[in-house]
Amino acid sequence: MLVKKMIQMAILLAFFAILGGGLVAFTFQITYEQIKANERAALLQTLSSLVPRDQYDNDLFEDIHYMRNETLLGSDKPIVIYRARKQGQPVAAVLNSVAPNGYNGAINLLIGISYEGVLMGVRVVSHQETPGLSDSIDERRSDWILGFNGHSLQNLEEKDWRVKRDGGVFDQFTGATITPRAVVSAVYNTLQFFQQHRDEIFLNAN
Amino acid sequence: MQVRYIDIIREGLWINNPGLVQLLGLCPLLAVTGTLINGLGLGIATTLILIASNTTVSLIRNIVPTDIRLPVFVLVIASFVTAVEMLVKAFYYDLYLSLGIFIPLIVTNCIVIGRAEAFASKQPMDKAFLDGLMMGIGFTLALTLLGGIRELLGHGTLFIQADLMFGQTAQWMTITLFENYRGFLLAILPPGAFFGLGLLIAFKNFMDKQI
């Protein structure tokens with residue numbers, strides 16, 4: 001009797017698991033293309049806010065390159081580098097590097113660097129930082145992230161690449177120091193990577 | 001036992017308000033109510049999920065034996081939240097960018113499973129639907145109020161970042177009540193949420209005594 005009941009329950013539970021899984025799979029099927037298109041459009045908009053559209057004439061989505069450097073780019077996986085060129089000459093690169101030490105996990109960044117090594121802009125692609133407290137790194141929340149524009153390894157010394165509390169030049173937020181600290185050090189590391197590997201980054205146009 | 005519609009409405013909005021009386025869903029309640037708009041955003045998203053999960057749970061209440069009802073409810077809620085997240089991401093991408101962060105938080109919200117278990121699993125569909133709607137509105141009101149109070153004390157503004165939810169045209173909605181206000185840090189920090197919630201509950205109890 002008990003066994004029969006247990007089997008009944010198991011079948012019913014399996015039925016609902018399949019139903020729930022089916023609903024998710026079905027929704028995934030019908031939304032997948034649209035989500036991809038939305039993300040691509042949003043990404044293109046972010047990329048063109050880092051590298052103005054009139055400065056390059058190649059297709060950023062085609063001219064990409066993958067590189068891996070766990071210490072400087074913050075991820076053990078290869079990261080995407082979008083390369084902007086005009087008439088074949090390198091103009092700028094946008095690196096999709098990671099700040100691995102955010103308050104709540106990794107912060108995914110897009111960092112635009114001109115060929116000369118000057119920051120054209122930084123944007124946060126995704127993060128899980130506390131809403132309302134440390135999500136001011138998001139451009140839609142505050143102007144903080146724009147403070148990187150125009151800086152380079154040349155115009156700021158190593159000790160300046162920190163938040164103000166640590167003796168650097170970048171603001172922290174009230175109640176949240178860990179998040180901006182992580183972003184500042186990720187930007188600094190990425191600039192170093194760019195300086196060391198610039199020729200490699202722009203190598204072999206496709 | 002018959003439950004009257006008017007009782008469901010009063011329970012959700014006031015007597016048994018999920019934010020102020022049941023104190024369910026404290027985790028998102030305290031985490032995201034830094035501003036009025038954040039509170040409103042989480043409230044609306046939670047309301048939608050509550051309605052969907054309540055209605056479904058009520059619909060399947062007669063075919064699910066009590067022994068396995070909890071895992072089944074969890075399955076239903078998790079599938080709904082995931083599906084809603086994908087749908088919003090596909091068809092309302094701008095809204096997703098502002099609300100997206102709140103949607104996964106809803107799974108952690110005890111109100112949803114709480115209402116499924118305590119109400120929807122014993123009531124017909126129309127009442128379960130109404131209960132989801134009213135509990136959702138009650139929760140939204142508590143969140144918005146707490147968010148508003150904390151934003152007012154913390155930043156001296158109301159409706160800051162309204163454009164995240166209503167589009168660029170909504171920037172006019174932001175009201176700055178105190179010019180050059182230096183901010184009251186405690187109100188935006190997590191302890192401020194506890195103080196604010198405590199005061200709101202005290203105020204509600206005071207009102208209840210008066211009536």
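In what follows, chains carry the letters A, B, and so on, assigned in the order in which the sequence lines appear, proteins first and then strands, with residues in each chain numbered from 1.
- Counting only distance, with no hydrogens or angles, the side chain of A/S97 and the backbone of A/L73 share no donor-acceptor pair below 3.5 Å.
- Ion pairing between a basic and an acidic side chain is recognised when a charged N comes within 4.0 Å of a carboxylate O; B/D131 and B/R115 show such pairing.
- Among the residues in residues 33-44 of chain A, those with a non-hydrogen atom closer than 4.5 angstrom to a non-hydrogen atom of chain B are A/Q34, A/I35, A/N38, A/E39, A/A42.
- Per-residue counts of heavy-atom pairs under 4.5 Å with chain A were compared for B/I68, B/L75, B/L87; the largest is that of B/I68.
- Side-chain contact between A/F193 and A/M67: present, with at least one pair of heavy atoms (C-beta onward) separated by less than 4.5 Å.
- Shown here are the side chain to side chain donor-acceptor pair (under 3.5 Å) partners of B/E117, two or more places apart in sequence or in another chain: B/R69.
- Residues meeting the salt bridge (charged side-chain N to carboxylate O under 4.0 Å, His left out) test with A/R123, sequence neighbours left out: A/E139.
- A/D63 has a carboxylate O that lies under 4.0 Å from a charged side-chain N of A/R83, or vice versa, which qualifies the two as a salt bridge.
- Within the 4.5 angstrom heavy-atom criterion, no atom of A/F26 approaches chain B.
- For chain A, the nearby part of B/I60 is the side chain; its heavy atoms alone come within less than 4.5 Å.
- For A/R181, the salt bridge (charged side-chain N to carboxylate O under 4.0 Å, His left out) partners are A/D166, not counting sequence neighbours.
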